Amino acid sequence: MSLSGEGFDLLTYKGVDIKLQHLFSKHAVQNSKGQIQFTFYDQFDSVCDKEILGLTSLKKASSGVSTINLNPSSKTLFIASSYADLIFFSKQFSSRMEFQNASFLIVGADFNRDLILYNLNIFSSSIRVITLFENTILGKIMDSLIYNYINKIDAIYIIEDDKIIVKVGNKRNYSFPVSSFSLRTFSKKFWKKSQVRTYKPKLKGIDSFYQLNQHYSSLL
């Protein structure tokens, strides 16, 4: 079942406005279990995976990307690792941000560099990028990888004990304590103002906007 005029039952139950549901419904269908399935595509534009959002569970896509309204004239590009994070972030910030005219890129867990670059390259260097990756070491590395792709920085990340070693081309290595690594600390090494802004949940112990919504739903 695709999106009806009244929206997806699950998202309506979770308080997601119908306008936001319509915005993110392009690659979504509701199955017989009431779960929402979001389709992801490979470099040949063929279906390669699905994200499955249920009432109490989330299965992220392992591969591919999914896009909405990729318009070179967009002023803002949102990048997330799941539709669930994107939807519940949008629910939280709907009164503060303009989503209707933005572009959206949702990436699979394999974080396919070529696929991501292919979609990033349609935008000018002035595009404002907002990343919604998890508040984990992996999520923070993904933030900095997007920064690298935009600024054409070739880097390899190695986690050793309590440090992150970033090898940048053949130039030099940078070392960061795991506990303080972020896009902000990373980008300072390059003396470049970052047009990439990150958003993370503020609640301690909560790593994603999906988890944040689940937490507040459990309190009702």
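All of these numbers come straight from a predicted model, not from anything done at the bench.
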State the CG-OG distance between L58 and S82, to the nearest 0.5 angstrom.
5.5 Å
Do any N or O atoms from the side chain of Q211 and from the backbone of D207 form a donor-acceptor pair under 3.5 angstrom?
yes
Applying side chain to side chain donor-acceptor pair (under 3.5 Å), name anything that partners S90, two or more places apart in sequence or on another chain.
none
If the condition is side chain to side chain donor-acceptor pair (under 3.5 Å), which residues does K91 pass it with, not counting sequence neighbours?
N213
F111: ring-ring contact (aromatic ring centres under 6.0 Å, His included) partners, not counting sequence neighbours:
F133
List in chain and number order the residues that pass ring-ring contact (aromatic ring centres under 6.0 Å, His included) with F88, two or more places apart in sequence or in another chain; answer none if no residue qualifies.
none
Is the shortest heavy-atom distance from the side chain of I87 to the side chain of D85 under 4.5 Å?
no
Roughly how far, to the nearest 0.5 Å, is the OG atom of S179 from the CG atom of D162?
7.5 Å
Taken in chain and number order and not counting sequence neighbours, the residues that satisfy ring-ring contact (aromatic ring centres under 6.0 Å, His included) with F78 are F99, F104
For a side chain to side chain contact (heavy atoms under 4.5 Å, CB included) check, start with the C-alpha distance between L120 and L77, then their side-chain angles and the critical distance, and finish with the verdict.
CA-CA 9 Å; L120 283 177; L77 170 65; 3.6 Å; yes
What residues, two or more places apart in sequence or in another chain, satisfy side chain to side chain donor-acceptor pair (under 3.5 Å) together with Q35?
N31
Is a donor on one side and an acceptor on the other found under 3.5 Å between the side chain of Q37 and the backbone of A28?
no
Can you list every pair that meets side-chain hydrogen bond (donor to acceptor under 3.5 Å, both in side chains) and has a residue in residues 99-108, with sequence neighbours left out?
S74-S103
Go through I116 and I146 one step at a time and tell me if the side chain to side chain contact (heavy atoms under 4.5 Å, CB included) criterion holds.
CA-CA 9 Å; I116 294 171; I146 294 297; 4.0 Å; yes
Is there side-chain contact between Q195 and R128, with at least one heavy-atom pair below 4.5 Å?
no
Minimum heavy-atom separation for L20 to S94, with atom names?
CD1-CB, 4.2 Å
Do I79 and I137 share a hydrophobic cluster, counting only Ile, Leu, Val, Met, Phe, Trp and Tyr and linking them when any side-chain heavy atoms are less than 4.5 Å apart?
yes
Of all heavy-atom pairs linking K167 and I158, the shortest is CE-CD1, 3.7 Å
Salt bridge (charged side-chain N to carboxylate O under 4.0 Å, His left out): pairs with one or both residues in residues 136-154, sequence neighbours excluded:
D143-K200
Starting at OG of S182, measure out to CD1 of I141 and round the result to the nearest 0.5 Å.
12.0 Å
Of all the heavy-atom pairs spanning T12 and Q21, show the shortest one and how long it is.
OG1-NE2, 3.2 Å
What's the spacing between D9 CG and L55 CG if we round to 0.5 Å?
11.0 Å
Could you walk me through whether T76 and I127 satisfy the side chain to side chain contact (heavy atoms under 4.5 Å, CB included) test, starting with their C-alpha distance in whole Å, then the side-chain angles of each, then the deciding distance to 0.1 Å, before giving a yes or no?
CA-CA 6 Å; T76 305; I127 185 72; 5.6 Å; no
Is it true that Y41 and H27 have ring centroids separated by less than 6.0 Å?
yes
What are the two closest non-hydrogen atoms of L212 and I206, and how far apart are they?
N-CG2, 3.5 Å
Does atom OH (Y118) have a neighbourhood of more than 12 heavy atoms from anything else shown, all under 6.0 Å?
no
F93, L23: one ILVMFWY side-chain cluster at the under-4.5 Å cut-off?
yes
Start with the C-alpha gap between F186 and N148, add the side-chain angles, then the distance that decides, and say whether side chain to side chain contact (heavy atoms under 4.5 Å, CB included) holds.
CA-CA 10 Å; F186 176 78; N148 292 347; 3.1 Å; yes
Quick note, salt bridge (charged side-chain N to carboxylate O under 4.0 Å, His left out) partners involving residues 57-82, not counting sequence neighbours, are D49-K59, K60-E134
List in chain and number order the residues that pass side chain to side chain donor-acceptor pair (under 3.5 Å) with R197, two or more places apart in sequence or in another chain; answer none if no residue qualifies.
Y199
So, S144 versus Y157: side-chain donor-acceptor pair below 3.5 Å or not?
yes
Joint hydrophobic cluster, L70 plus Y149, side-chain heavy atoms closer than 4.5 Å
yes
Is K50 close to F38 at the side-chain level, that is, under 4.5 Å between some pair of heavy atoms?
no
Side chains of Y83 and S66: do they bring a donor and an acceptor to under 3.5 Å?
yes
For a 4.5 angstrom cut-off between non-hydrogen side-chain atoms, does V65 reach L105?
yes
Quick one, V196 and I150 - any side-chain contact, counting heavy atoms below 4.5 Å?
yes
Are I159 and V168 grouped together when hydrophobic residues (ILVMFWY) are joined by side-chain heavy atoms under 4.5 angstrom apart?
yes
Salt bridge (charged side-chain N to carboxylate O under 4.0 Å, His left out) contacts touching residues 12-26 (sequence neighbours left out):
none
Minimal heavy-atom distance between G64 and L115, with the atoms involved, is CA-CD1, 4.0 Å
Under 4.5 Å between side-chain heavy atoms, hopping through other hydrophobics if needed: is there a path connecting F24 to I52?
no
Taking all non-hydrogen atoms of both residues into account, name the closest pair between S25 and F8 and its distance.
CB-CE1, 4.1 Å
Min side-chain heavy-atom separation T131-M142 under 4.5 Å:
no
Does the side chain of S217 come within less than 4.5 Å of Y13's, by heavy atoms?
no
Quick check: do I165 and Y174 have side-chain heavy atoms less than 4.5 Å from each other?
no
Is a side-chain donor or acceptor of N151 paired with a backbone partner of I153 at a separation under 3.5 angstrom?
no
The complete set of salt bridge (charged side-chain N to carboxylate O under 4.0 Å, His left out) pairs with one or both residues in residues 101-118, sequence neighbours excluded, reads none
